[in-house]
Amino acid sequence: MRLLMLSGIQSLMLCLGQVTLKFALQRMGNFSFSMDFFVRNLTNWWFLGCGICYAVATIMWMYILKHFPFSMAYPMISLSYVFGMLAAIYVFHEQVPLVRWAGVLLIMTGCVLIAK
């Protein structure tokens, strides 16, 4: 259960990093090789949030890898798909068909079986 909890938090941080990256990219504007473009994007708070989320997720991943068997830890990354699906619905207001929910259910079942 400890692995499942830690992996859930780590996967949530990965998903949050992807959500903040999408927000950052939506505010990016057209790409150009200009100093203004790079300064504007390096001071984008969404990029900063993305980096922080990825840093936390990476530190948690290092802890998980050190303390749990790789064959159990690695499949737990799949939990990020579940959080990504929920973010698509609640943050980006996307429609998710039933077949994708069936996939999410299979992923969640697999993670529970692996963690036992």
Side-chain angles (χ1 to χ4, degrees):
M1 266 328 252
R2 187 166 172 232
L3 173 61
L4 191 58
M5 181 190 67
L6 289 171
S7 296
I9 295 168
Q10 192 263 349
S11 294
L12 185 61
M13 294 307 295
L14 283 176
C15 182
L16 190 56
Q18 290 293 321
V19 169
T20 55
L21 179 61
K22 185 161 176 75
F23 284 143
L25 294 173
Q26 287 173 341
R27 287 156 181 76
M28 179 186 279
N30 294 331
F31 184 84
S32 69
F33 284 105
S34 67
M35 187 58 101
D36 178 57
F37 173 80
F38 289 105
V39 168
R40 185 176 67 239
N41 287 302
L42 289 174
T43 58
N44 183 336
W45 288 104
W46 290 108
F47 271 131
L48 176 63
C50 173
I52 291 170
C53 290
Y54 285 146
V56 170
T58 299
I59 291 167
M60 290 188 73
W61 181 239
M62 291 185 319
Y63 178 86
I64 290 168
L65 282 179
K66 181 159 178 63
H67 293 93
F68 296 96
F70 189 75
S71 63
M72 289 177 65
Y74 196 74
M76 292 298 156
I77 295 173
S78 301
L79 290 172
S80 63
Y81 296 132
V82 176
F83 294 126
M85 186 80 76
L86 294 173
I89 293 168
Y90 293 110
V91 178
F92 299 112
H93 308 290
E94 297 177 8
Q95 297 294 320
V96 178
L98 187 59
V99 69
R100 288 189 199 145
W101 280 115
V104 167
L105 179 63
L106 290 172
I107 289 169
M108 290 172 44
T109 304
C111 288
V112 170
L113 291 174
I114 288 168
K116 286 192 172 196

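Values below: all heavy atoms of this structure, side chains included; hydrogens, waters and symmetry mates excluded.
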Requested in this report: Could you give me the CA-CA distance, side-chain angles and deciding distance for Gln18 and Tyr54, then say whether side-chain contact (heavy atoms from CB on, under 4.5 Å) is met?
Outcome: CA-CA 9 Å; Gln18 290 293 321; Tyr54 285 146; 2.4 Å; yes
**Report entry** Ring centre gap for Phe23 and Phe92 strictly below 6.0 Å
**Finding:** yes
ask   = For atom CD of Gln26, is the number of surrounding heavy atoms from other residues, nucleotides or ligands below 6.0 Å larger than 12?
value = yes
In the single-linkage hydrophobic clustering (I, L, V, M, F, W, Y; side-chain heavy atoms under 4.5 Å), do Ile107 and Val96 co-cluster?
yes
Rounding to 0.5 Å, atoms CD1 (Ile77) and CD (Gln10) come to a distance of 6.0 Å
_Would you say Tyr74 ends up clustered with Met76 if hydrophobic residues are merged whenever their side chains have heavy atoms under 4.5 Å apart, either directly or through other cluster members?_
yes
Check your understanding: Should Met5 and Trp61 be counted in the same cluster of Ile, Leu, Val, Met, Phe, Trp and Tyr side chains packed under 4.5 Å apart?
Key -> yes
Rounded to the nearest 0.5 Å, the CG atom of Leu14 sits from the OG atom of Ser80 at a distance of 6.0 Å
>> Is it the case that atom CH2 in Trp45 sees more than 12 heavy atoms from other parts of the structure closer than 6.0 Å?
In response: no
Rounded to the nearest 0.5 Å, the CZ atom of Phe68 sits from the CZ atom of Arg2 at a distance of 5.0 Å
In this structure, CZ of Phe47 is separated from OG1 of Thr20 (nearest 0.5 Å) by 9.5 Å
- Can you get from Leu25 to Val19 by hopping between Ile, Leu, Val, Met, Phe, Trp and Tyr side chains that sit under 4.5 Å apart? no
Distance col, row Leu21:CG vs Trp46:CH2, nearest 0.5 angstrom, shows 11.5 Å
Ile52-Val91 co-clustered via ILVMFWY side chain contacts under 4.5 Å = no
